[in-house]
Amino acid sequence: MSHSEHHTERNTLAGSVEKSVEVQAHKCYQCGKCTAGCPVADEMDLPPSMVMRLLQTEEPANDERILRSHAIWLCVTCEMCLSRCPMEIDIPSMMDYLRQRARKEKKVNKKAKNIIAFHKSFLNSIRFTGRLYELGLILDYKRQSLNMTQDISLAPKMISRGKLHLFPTMIKGTAHIARIFKKTRT
Amino acid sequence: MARIGVFVCHCGENISATVDCGKVAETIGNLKHVAYSTEYKYMCSDPGQTLIKDAIKEHNLTGVVVSACSPRMHEPTFRKACAEGGLNPFLCEMANLREHCSWVHEKNELTTEKAIDIVRTQVEKVKLNSALQPIKVPVTKTAMVIGGGIAGIQSALDIANTGHKVIMIERSPSIGGHMSQLSETFPTLDCSQCILTPRMVEVAQHPNITLYTYAEVESVEGFIGNFKVKVRKKAKSLDEKACTGCGLCTTKCPQKKIPNEFEQGMGMRPAIYVPFPQAVPNRPVIDRENCTYYIKGKCKICEIVCPTKAIRFDQPDEILELEIGAIVVATGFDIKHADFFPEYGHGRYKDIIDGLQFERLASASGPTAGVIKRPSDGEIPKNIVFIACAGSRDPAKGIAYCSKICCMYTAKHAMLYKHKVHEGKAHVFYMDIRSGGKNYDEFVRRAIEEDHVNYIRGRVSTVFERDGKLIVKGVDTLLGAQQVEIVADMVVLATAGVASSGAEDLAQKLHVSYDSHKFFAEAHPKLKPVETNTAGIFLAGACQNPKDIPDAVSQASGAAVKVAALFSQSELTREPLVAIVNRTSPPTYSTCVGCFMCQSVCPYQAIEREEFKARDGKVVKTVAKINEGLCQGCGTCVALCRSKSIDLLGYSNTQVYAEVVALLNEY
Amino acid sequence: MKFGIYPGCSLTGSARDYNESVFAIAEAFGLEFTQIPDWNCCGATAAHNLNKELSLALPARILALAEKNGLEEIIVPCAACYSRLVVTQHELKKDPELKNRICEVIEMDYRGTSVILNVIEWIDKYIIPKLEEKIVKPFNHKVACYYGCLLVRPDKILNYDRAEDPQTLDIVMSKIGAAPVDYPFKTECCGAGLSISRTDIVSKLSGKIIEDAEHRGAEAIIVACPMCHSNLDMRRPDINKYWKAKYKIPVIFVTQAIGLAIGLPAEKVGLKRHFVEVKIS
Ligand SMILES: Cc1cc2nc3c(=O)[nH]c(=O)nc-3n(C[C@H](O)[C@H](O)[C@H](O)COP(=O)(O)OP(=O)(O)OC[C@H]3O[C@@H](n4cnc5c(N)ncnc54)[C@H](O)[C@@H]3O)c2cc1C
Ligand code: SF4
Ligand code: SF4
Ligand code: SF4
Ligand code: SF4
Ligand code: SF4
Ligand code: SF4
């Protein structure tokens with residue numbers, strides 16, 4: 001029996017991260033290399049190495065801080081941290097998990113509103129047509145984010161360059177796509 | 001008829017807590033051929049041993065089974081006791097009731113049953129034991145030290161000073177190792193060359209030391225006290241006796257653009273060269289791979305200018321065959337270089353250097369005469385960054401261990417820099433500061449407090465070049481993981497210490513173990529740190545793991561004492577647990593059919609051929625014969641022999657069958 | 001020879017220029033594609049941010065369609081789609097249970113046998129061997145080759161070019177006469193999917209990438225990803241505003257550069273659709 005098998009299942013965020021994305025928080029030795037190379041670390045309330053440290057404490061209050069952080073939504077999955085981490089810790093997969101967990105527990109940081117609105121609009125757009133309908137995405141995003149003036153000048157320029165379709169393309173298998181969305185509970 | 005005595009030990013409570021020792025002694029006492037059976041609290045104690053000795057005499061015992069702990073622990077103790085009681089020591093066996101039974105089971109009847117079974121096997125075995133005599137082998141009192149770094153030098157001098165002969169084999173043209181490249185040494189900042197050179201000269205002049213440089217071990221055969229070593233002396237392409245070391249050839253050689261290994265590639269050397277001014281021996285060698293004559297067939301300028309006509313272009317390599325009693329391996333270490341770090345530019349930025357290169361820049365005898373100048377343009381760096389743990393403690397790069405020396409030398413480097421460039425700024429990115437050692441932490445504190453070296457806790461993600469500067473992107477984890485960007489003129493990587501090239505190859509030649517990183521393995525991590533698992537071969541210095549000079553030197557002296565202790569005996573005794581090929585009367589001579597399969601599998605080359613001749617001198621049969629001096633009793637040949645002609649003394653096939661049968665039978 | 005192609009959504013919309021150049025050079029080299037019939041969106045960043053299963057199911061459907069239609073080799077010009085497809089293939093191979101679950105979701109068989117090529121691999125394999133003879137106007141310019149994140153990372157899964165200072169794009173560019181500059185921002189992130197929701201961050205990150213390329217004297221940034229292109233090109237006004245700068249360096253798809261080198265007109269490879277005017281040719 002290996003040592004780790006002695007541990008009882010941990011009812012902490014670190015425990016569930018380990019279980020769902022095989023990231024072992026205690027492997028992190030806080031060298032900070034992930035943060036050093038993260039393109040958005042200076043925008044984050046919790047840079048990636050801090051997220052790792054908070055996870056390690058296995059304190060409910062710290063788990064809460066992570067799930068409520070803005071940082072997990074700012075991570076752009078550039079994979080830089082994983083590519084350079086000496087301990088090969090898969091932070092990007094962990095971030096994916098944390099985001100989904102934060103949404104599930106309704107702990108999404110307020111500042112992440114627009115980011116989520118965008119992701120939702122994006123998925124909405126493909127849910128019904130099967131492919132991304134960029135104009136639809138922009139309009140839906142504006143509706144969700146109430147960000148009416150942003151990028152107002154972009155659309156006409158795109159249209160004039162033939163880069164924005166005015167109507168969506170529907171694939172044949174739209175019903176199929178809808179079922180996929182339903183089965184994955186999106 | 002066999003008369004066996006059985007002695008059941010309680011081992012305090014280690015055995016008796018779960019095994020009913022009384023019952024074991026009583027049950028065994030009822031077995032056939034058991035003449036005496038008893039129990040005692042501590043068999044290994046003086047009274048316990050006396051019990052055995054007395055019983056041997058009193059009951060006229062022909063064999064003894066001590067049922068106690070592991071034979072690894074106390075077999076020598078009890079065999080000695082038996083010998084003192086007048087019984088051949090090889091008629092004593094141990095039944096391991098502690099590790100194999102009491103420690104691993106609960107207290108209950110089955111446990112006691114198992115204990116009884118274990119003792120029964122040994123009773124059956126010991127009945128078949130025969131009296132054996134220890135093997136005596138002579139000791140060749142010449143030591144070989146492989147590697148002439150500070151560890152090898154220390155070991156050689158210590159052994160030579162006990163009056164024994166030492167042969168030192170160094171593969172480069174000079175001894176000195178890495179220490180000869182260092183500028184000043186922590187924690188005292190004394191000049192490395194100044195303290196090393198006298199030792200190097202002492203080696204060269206010591207009447208008991210024979211030094212072969214530019215030489216490597218070809219093969220090793222034999223065993224403790226009796227190694228046969230072949231050494232290849234690579235051709236230096238000159239007559240060392242005729243050469244006076246005037247150096248004319250090296251200044252006249254037209255081939256001058258060869259990266260200088262001693263300067264870590266930061267300078268050039270000619271094809272005929274002495275690696276550094278204080279080299280021992282101070283005689284050049286021709287680097288044939290780069291010499292114009294060997295490449296193009298023309299030049300020979302060195303031969304023309306040499307006043308003593310010492311150059312020998314056609315000199316062949318020489319193979320020396322040496323008789324050696326003990327070997328000290330002191331082949332040191334290497335370090336990783338900047339090209340090991342993709343994220344720091346794959347080694348293509350000239351001003352990202354490694355620690356040894358920094359040592360050369362800081363050395364008065366180095367390529368910049370001790371002025372810290374950066375390689376790209378010779379400017380004095382105003383802002384310098386040191387990166388600790390570069391490659392070490394980095395499982396993603398395949399090196400999980402701490403290289404141990406780099407925290408200290410990084411502090412030293414930063415300090416040396418500040419002493420030389422007063423207005424400069426020195427930054428150190430580190431993860432932990434590992435400075436355990438006498439006056440070590442004080443040294444690091446001095447760098448921080450007195451020389452104001454800026455220590456930043458965090459790793460560096462990347463370094464790249466822009467406008468001739470190096471942009472270092474790191475992090476300060478003590479400021480809540482804040483990114484730090486430093487525009488530096490030079491970056492020094494404290495790269496991981498790794499096994500010296502060729503270490504694996506040498507370990508295989510020596511039949512000694514090495515770890516997954518190709519460092520030589522000690523026999524026991526705590527209690528046998530200088531021994532290897534091959535008797536007569538010892539370790540000194542950084543060939544075992546990266547270590548600093550004081551550690552290397554201490555270990556080297558330790559190895560020397562082990563050698564001296566070995567050489568204090570005129571002959572060695574070995575356990576006679578060796579294989580034998582049976583002998584029968586003529587005309588068969590042996591059931592061995594002479595297939596010699598065993599010869600090819602024996603890992604110790606212990607199997608020889610024996611010829612039987614008729615009266616007319618004609619060879620009538622050739623069979624295998626085992627050299628008991630070489631055989632290590634591994635048993636490989638026994639398992640392999642198709643005609644079942646080989647047996648292992650002390651562990652014969654019949655003895656092992658008897659043990660198994662005992663377990664199968666009721667009693 | 002026919003390959004499957006997965007254009008992905010951007011190539012039919014905001015990256016039409018890229019699409020045109022891919023098809024134009026394919027045609028010039030006598031290569032034909034079959035679009036994966038009825039392909040869907042790969043789900044991009046949004047899917048894996050919000051729903052892991054969906055982020056695997058969408059690409060799995062694409063790959064299953066390719067298998068069903070006998071397309072063994074598929075080229076994926078969009079680096080983001082390429083990454084999603086390769087990662088999906090990897091995850092499903094690693095975990096058979098997950099694979100079964102995803103098959104159930106997409107109601108299709110999936111074996112994971114497709115060979116997925118990114119655009120540079122495709123160029124390497126099918127264009128480079130015949131390139132030299134076709135070059136009429138060597139692309140004699142200093143260029144900064146920008147790979148972005150998704151072509152090279154996660155390197156253990158993609159197993160394509162080296163993750164630090166990759167070379168494949170530089171090599172392709174030198175083959176058409178360009179002189180790639182030493183460019184440490186090659187694999188720095190441009191801000192990726194935050195383009196609309198956090199334009200400020202994208203402007204900041206993309207600005208650094210552009211500034212360094214200009215600073216090193218590059219005349220163009222060469223890309224192989226529509227997302228990078230739109231951040232560096234379409235977002236240029238935002239970038240210049242954020243940095244109070246006037247960066248003018250054009251951003252050109254590798255396929256466009258090849259097109260120019262073999263003598264195709266600028267319109268044909270979509271160069272007229274860029275936001276930042278492309279003056280070099
Ligand atoms: C940058 C740097 C700075 C350092 N600074 C300090 C310091 O300030 N203070 C300090 O205490 N320590 C310092 N050290 C550590 C010091 O260098 C080592 O402790 C020391 O060199 C170890 O000596 P060694 O004899 O074991 O190995 P080495 O010095 O490596 O010598 C090994 C010798 O064996 C030879 N050899 C190798 N293989 C073979 C072979 N197969 N056959 C024959 N010969 C062979 C080599 O040519 C070499 O001559 C520093 C190390 C580095 C890298
Ligand atoms: S790089 Fe890896 S080990 Fe270092 S702090 Fe980040 S996650 Fe931890
Ligand atoms: S994957 Fe996320 S956390 Fe990691 S470096 Fe990129 S943005 Fe930062
Ligand atoms: S023969 Fe070789 S070593 Fe001698 S001078 Fe010429 S190049 Fe130098
Ligand atoms: S010139 Fe001759 S004597 Fe002088 S160092 Fe060279 S080989 Fe030796
Ligand atoms: S000695 Fe210090 S610098 Fe070297 S590996 Fe160990 S912790 Fe890192
Ligand atoms: S027992 Fe082992 S060492 Fe001895 S002769 Fe047989 S194979 Fe060789």
Side-chain angles (χ1 to χ4, degrees), chain A residues 20 39-40 43 73-74 76-80 82-84 88 90 92 95-97 99-100 103 114-123 125-126 129-135 137-138 141 145 150-151 153-154 157-158 161-165 169 171-173 176-177 179-181 183-186, chain C residues 8-10 12-17 37-41 43-55 57-58 61 65 104-108 148-150 152-156 163-164 187-199 201 204-205 208 230 234 237 272-275:
Chain A
S20 37
V40 285
E43 305 274 345
W73 296 100
L74 288 172
V76 286
T77 327
C78 72
E79 307 268 352
M80 190 64 103
L82 168 60
S83 138
R84 289 183 184 154
E88 299 177 276
D90 190 349
M95 291 291 197
D96 273 347
Y97 174 79
R99 286 185 277 258
Q100 290 165 32
R103 279 236 301 162
N114 286 358
I115 297 174
I116 295 176
F118 174 77
H119 291 326
K120 280 212 263 187
S121 304
F122 190 102
L123 292 185
S125 156
I126 54 179
T129 59
R131 289 185 195 162
L132 179 63
Y133 167 41
E134 285 166 328
L135 185 59
L137 161 68
I138 294 174
Y141 169 68
S145 65
Q150 193 203 335
D151 288 337
S153 61
L154 199 58
K157 284 194 200 146
M158 285 178 76
R161 285 169 172 79
K163 287 189 160 209
L164 203 56
H165 297 290
T169 334
I171 69 167
K172 280 188 249 137
H176 189 187
I177 297 293
R179 283 203 301 283
I180 291 178
F181 269 74
K183 283 190 186 169
T184 54
R185 270 174 295 236
T186 312
Chain C
C9 307
S10 340
T12 65
S14 57
R16 251 178 98 175
D17 30 22
D38 208 40
W39 58 267
N40 53 276
C41 171
T45 317
H48 76 80
N49 267 351
L50 298 189
N51 186 325
K52 177 166 181 194
E53 241 174 46
L54 182 71
S55 75
L58 292 172
R61 178 177 184 270
L65 282 171
E104 219 173 87
V105 170
I106 62 172
E107 303 160 9
M108 289 174 84
C149 311
L150 299 165
V152 290
R153 288 190 301 263
D155 46 314
K156 296 226 170 57
E164 306 285 350
T187 62
E188 288 292 320
C189 181
C190 65
L194 294 179
S195 185
I196 293 178
S197 51
R198 287 299 302 268
T199 313
I201 292 182
K204 179 165 106 186
L205 301 183
K208 290 186 195 169
S230 76
M234 226 152 64
K272 298 285 179 216
R273 297 187 192 274
H274 287 200
F275 278 58

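Numbers restart at 1 for each chain; the letters A, B, ... are given by sequence-line order, proteins then strands. Computed from heavy atoms alone, side chains included, the values below leave out hydrogens, waters and symmetry copies.
At least one side-chain heavy atom of Phe275(C) sits less than 4.5 Å from a side-chain heavy atom of Leu154(A). You'll find the side chain of Ile201(C) reaches within 4.5 Å of the side chain of Val40(A), heavy atoms only. Within the 4.5 Å cutoff, the side chain of Ile106(C) has no heavy atoms near those of the Lys183(A) side chain. In this structure, the side chains of Ser195(C) and Phe118(A) stay at 4.5 Å or more apart for every pair of heavy atoms. Side-chain atoms of Trp39(C) and Ile171(A), non-hydrogen and from C-beta on, never get closer than 4.5 Å to each other. Met234(C) has its side chain out of reach of Lys157(A): every pair of non-hydrogen atoms, C-beta onward, lies at least 4.5 Å apart. Using a 4.5 Å heavy-atom cutoff, the side chains of Arg198(C) and Leu74(A) are in contact. Contact annotation: the side chain of Ile180(A) never approaches that of Asn40(C) to less than 4.5 Å [non-hydrogen atoms, C-beta and beyond].
Heavy-atom pairs under 4.5 Å with chain C were tallied for Tyr97(A), Tyr133(A), Phe181(A); the largest tally goes to Phe181(A). Among Leu137(A), Asn114(A), Asp90(A), the residue making the largest number of heavy-atom pairs under 4.5 Å with chain C is Asn114(A). Interface summary for chain C: among Ile138(A), Leu123(A), Thr129(A), Thr169(A), the most heavy-atom pairs under 4.5 angstrom belong to Leu123(A). The candidate from Arg131(A), His176(A), Glu79(A) with the greatest count of non-hydrogen atom pairs under 4.5 Å with chain C is Arg131(A). Put simply, of Ala117(A), Gly173(A), Gly162(A), the one with the most heavy-atom pairs under 4.5 Å next to chain C is Gly162(A). No other option in Ser145(A), Ser125(A), Pro39(A) has as many heavy-atom pairs under 4.5 Å with chain C as Pro39(A).
Salt bridge status for Arg185(A) with Glu53(C): absent, with no side-chain N to carboxylate O gap under 4.0 Å.
Listed for the Arg273(C) side chain is a donor-acceptor partner under 3.5 Å among the backbone atoms of Arg161(A). Of the possible polar contacts, one joining the His165(A) side chain to the Thr12(C) backbone as a donor-acceptor pair under 3.5 Å is found.
For Lys156(C), the part lying under 4.5 angstrom from a heavy atom of chain A is the side chain only. Looking at Arg103(A), the atoms closer than 4.5 Å to chain C (heavy atoms on both sides) all sit in the side chain, from C-beta outward. Heavy atoms of Leu82(A) lying under 4.5 Å from chain C belong exclusively to its side chain. Heavy atoms closer than 4.5 Å to chain C are found nowhere in Leu135(A), neither backbone nor side chain. Contacts between Ile115(A) and chain C at a heavy-atom distance below 4.5 Å involve backbone atoms as well as side-chain atoms. Interface remark: Ser83(A) contributes backbone and side-chain atoms alike to the contact with chain C (heavy atom separation under 4.5 Å). Interface residue Leu132(A): backbone and side-chain heavy atoms are both found under 4.5 Å from chain C. When heavy atoms are compared at a cutoff of 4.5 Å, Glu134(A) approaches chain C solely by way of its side chain, counted from C-beta outward.
Legend: residues meeting side chain to side chain donor-acceptor pair (under 3.5 Å) with Lys204(C), ordered by chain and number and at least two apart, are Asp42(A), Glu43(A). In this structure, the side chain to side chain donor-acceptor pair (under 3.5 Å) partners of Ser121(A), at least two apart in sequence or on a different chain, are Asp140(A).
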Item checked: Residue pair Cys149(C), Met80(A): steps toward the side chain to side chain contact (heavy atoms under 4.5 Å, CB included) verdict -> CA-CA 8 Å; Cys149(C) 311; Met80(A) 190 64 103; over 6 Å; no

